[in-house]
Engineer: 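Okay, handing you the structure first.
Lettering of chains follows the sequences in order, A, B, ..., and the numbering in each one begins at 1. Both backbone and side-chain heavy atoms feed into the values below; hydrogens, waters and symmetry mates do not.
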Number of protein chains: 2
Amino acid sequence: MNDVARLAGVSQTTVSFVLNDVEGANIPPETKDRVLAAVKELDYRPNALARGLRSSQTHTIGFVTDRIAITPYAVRTLEGAQDLAWANGYLLLLVNTGGDQRLKQIAVDMMLERQVDGIIYATMYHRPVKPPANMLEVPAVLINCYTDDHSIASVVPDEVLGGRTAVETLLQKGHRRIGFALDSNPVPAAVGRLVGYKQALAASNIPFDPNLVQTAESIASGGYQATMALMSLPDPPTAIFCYNDRMALGAYNALRDLNLAIPDDIAVIGFDNQELIAADIAPPLTTMALPHYEMGQWGVQYLLQLIENPEQTQQNPPIQHILPCPLIERASV
Amino acid sequence: MNDVARLAGVSQTTVSFVLNDVEGANIPPETKDRVLAAVKELDYRPNALARGLRSSQTHTIGFVTDRIAITPYAVRTLEGAQDLAWANGYLLLLVNTGGDQRLKQIAVDMMLERQVDGIIYATMYHRPVKPPANMLEVPAVLINCYTDDHSIASVVPDEVLGGRTAVETLLQKGHRRIGFALDSNPVPAAVGRLVGYKQALAASNIPFDPNLVQTAESIASGGYQATMALMSLPDPPTAIFCYNDRMALGAYNALRDLNLAIPDDIAVIGFDNQELIAADIAPPLTTMALPHYEMGQWGVQYLLQLIENPEQTQQNPPIQHILPCPLIERASV
DNA sequence: TTGAAAGCGCTAACAG
DNA sequence: CTGTTAGCGCTTTCAA
């Protein structure tokens, strides 16, 4: 910076002023140009460490996650976060802790040492979490998860509405007996989607038949089993709502073994919109999309507000934002 | 740090010495303990910016990528990189530029401003690249890509050996007429796998029949078309090697329409090991895995060597590392 | 064995 | 409008 100042024939302060477009200092365009020319001439690049040290603002935000890869589609959370951060001149410092609580603690410490302006904590599955306490030393928001006491701002998908929309889609096609191949783990997604399933039924005055919800592991083989169980009912369903696309794939396999055509003999709707599966199988799967990208965006967006405008933004109790799951219509319904 | 020094009754220098385990300074254990106690007492956390400013080492590495999400499985590159960085006390600064050359330039600049110790440039598809010039101001390595002049260290998958292994697997099962549903784009993966295909055939003294390689778009519908073309040959193949798992999925769809059973009537082998597809379809797909995770690891590993040991590590010409693609045996062959 | 002191490159009062 | 100056929190030389 001194070199630039010297070359431009001004003081280092002036350089700083033009580089930061400081309000007060009314630098004449002529001087500004001279400085900028010197910057280009010398290929000068400001040192963000020094700047951060002085201004205690690094324009960097920490992104802590349990697993980024398991649900490939969920990586879009990271993408949404990164895109929005980037658009605001922020960079993401990434740590993937793999679920170990102590590692998370350390990860946050490393970020704090690097003076991140805020921290995002994202999970791959929608679930309650206990984030490391030190995380709250800076503004923080949770993505796809929440604390039981809702003490931290968070954004999650609307599982209930998603489940309801899926079932309503089936209802609109005239189906009255709708099976549900559900995850046997009572995770928020499973609980919420079941509530949505019941709501949709109730709204159409269809009594709830517990036989129509079959739980299994939320993978292809589980979808296969649940579908087989459903179809061997004395009065089998004419449509199946699958907890996720992997189970839907299993349902496809089962239905094929049963010689049933989709959607003519039976309709199938999934959840997750894992494009690689959903778009490519035959017939293409109608499914509900999880708003991963949007959650990533919203999380960073809100975090940035928290960072730049703490008192105005922070609500009490902290905001718990819910994003809808859009219906992706393809050909299985 | 001054507070810690005061509380421990030593100078700030001493605190720095014990925190950094400095060789020269022989601090008696007694003093050391006192300092450490004070650190804990005050919940002191060093400021990495100040440290970096002084020592010009941030223990942070920049990770630039074109797309992290398109090929979900490729996100494992990021995971491998992050895991290895983490194991060495480094954090990753992430930017996903989406293919815009100017953005890449800026991304690298932002990283350089933040004084990253090195930069990784990773692509989602194996291909030649022209990385921004400023990237070379710090140690750098390329993952899943390379420059035409091989002027930067890089790591890529062994496409030729992968293709060869896939075909040899088919050969070993007794197949002699092996179709190849190939990407119509002559990308390195397509070119390499075709070379491997030919090598395997030649090694078994099977003449190359150009009719047996059908090119199409490397998605499910392309796989469908290529398979149909292959099967309508006067002398159709008994096995199909698909350029990737998406095409294999299309092949499955086609074969089903043709009422051909896999693997009894015809064998199918894929490439990529996209678990979501490969493991869940019926029958589970035998395929070649791309070493994404390993490339991520190797890239960071090598970069760290470059950073910590520049002259010893840097080879001339820069190392071009090739990692094998392991065969994942399932049930389609 | 420990401490004083000089910066690393920058921002931002404060003065002129 | 521009320059002087005092740090931000740390590492590290040099001296004691």
Engineer: In the structure I gave you, are the side-chain heavy atoms of B/R114 and B/T58 within less than 4.5 Å of one another anywhere?
Structural biologist: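 Result no, sub-4.5 Å side-chain heavy-atom pair not found.
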Engineer: Could you state the atom-to-atom distance from CG of B/L53 to P of D/dT12 in whole Å?
Structural biologist: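 One finds 12 Å between P of D/dT12 and CG of B/L53, rounded.
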Engineer: State the OH-CG distance between A/Y121 and A/D66, to the nearest 0.5 angstrom.
Structural biologist: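 Here the interatomic distance stands at 6.5 Å.
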Engineer: Using whole Å, report how far CD of A/Q12 lies from C1' of C/dC8.
Structural biologist: 13 Å
Engineer: When the nearest nucleotide of DNA chain D is assigned to B/R51 and to A/T31 on a heavy-atom basis, which residue is associated with the more 5' position?
Structural biologist: A/T31
Engineer: Before you tell me yes or no, could you show the steps for A/D83 and A/Y293 under side-chain hydrogen bond (donor to acceptor under 3.5 Å, both in side chains), namely the whole-Å CA-CA distance, both residues' side-chain angles and the distance that decides it to 0.1 Å?
Structural biologist: CA-CA 9 Å; A/D83 285 356; A/Y293 186 84; 2.5 Å; yes
Engineer: Do the side chain of A/T13 and the base of D/dT4 come within less than 3.5 angstrom through a donor-acceptor pair of N or O atoms?
Structural biologist: yes
Engineer: Contact class for A/V22 (heavy atom, under 4.0 Å): base, sugar-phosphate, or nothing?
Structural biologist: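 No contact.
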Engineer: Is any N or O donor-acceptor pair between the side chain of A/R54 and the base of D/dG7 shorter than 3.5 Å?
Structural biologist: yes
Engineer: Using OP1 and OP2 only, check whether a side-chain N or O of A/T14 sits under 4.0 Å from D/dT2.
Structural biologist: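 The answer is no; no side-chain N or O of A/T14 sits under 4.0 Å from OP1 or OP2.
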Engineer: Please report, rounded to the nearest Å, how far the C1' atom of C/dC10 is from the CD atom of B/Q115.
Structural biologist: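 One finds 11 Å between C1' of C/dC10 and CD of B/Q115, rounded.
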Engineer: How many Å lie between CD on B/Q57 and C1' on D/dT12, as a whole number?
Structural biologist: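 Going from CD in B/Q57 over to C1' in D/dT12 covers 15 Å.
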Engineer: Rounded to the nearest angstrom, tell me the gap between atom CG in A/D3 and atom P in C/dC10.
Structural biologist: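 My rounded result for the distance is 10 Å.
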Engineer: In whole angstrom, what separates A/R114's CZ from D/dG9's P?
Structural biologist: 18 Å
Engineer: Figure out the CG/C1' separation between B/D21 and D/dC10, and round it to whole Å.
Structural biologist: 17 Å
Engineer: Ignoring the backbone of B/S55, work out which of C/dC8, C/dC10, D/dT11 is nearest its side chain.
Structural biologist: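 Nearest listed nucleotide: D/dT11.
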Engineer: What is the distance from CG of B/N26 to P of C/dT1, rounded to the nearest Å?
Structural biologist: 5 Å
Engineer: So, OP1 or OP2 of D/dG9: does either fall under 4.0 Å of a side-chain N or O from B/N2?
Structural biologist: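 No, no such contact exists.
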Engineer: Looking at C/dT11, I'd like to know if its phosphate oxygens (OP1 or OP2) sit under 4.0 Å from a side-chain N or O belonging to A/S16.
Structural biologist: yes
Engineer: Answer yes or no: does atom CD of B/Q315 have more than 12 heavy-atom neighbours from other residues, nucleotides or ligands under 6.0 Å?
Structural biologist: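 Yes, enclosed.
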Engineer: Tell me whether the centres of the aromatic rings in B/W86 and B/Y90 are closer together than 6.0 Å.
Structural biologist: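 Aromatic pair excluded; centres sit 6.0 Å or further apart.
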Engineer: 5'-most contact on DNA chain C: A/N20 or B/P28, nearest heavy atom basis?
Structural biologist: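 Nearest nucleotide further toward 5': that of B/P28.
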Engineer: From C-beta outward on A/F17, which listed nucleotide comes closest to its side chain: C/dT2, D/dC10, D/dT2?
Structural biologist: D/dT2
Engineer: Hey, is the side chain of A/N47 poking within less than 4.0 Å of OP1 or OP2 on C/dC10, counting only N and O atoms?
Structural biologist: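 So the side chain of A/N47 is outside the cut-off, no N or O lying under 4.0 Å from OP1 or OP2 of C/dC10.
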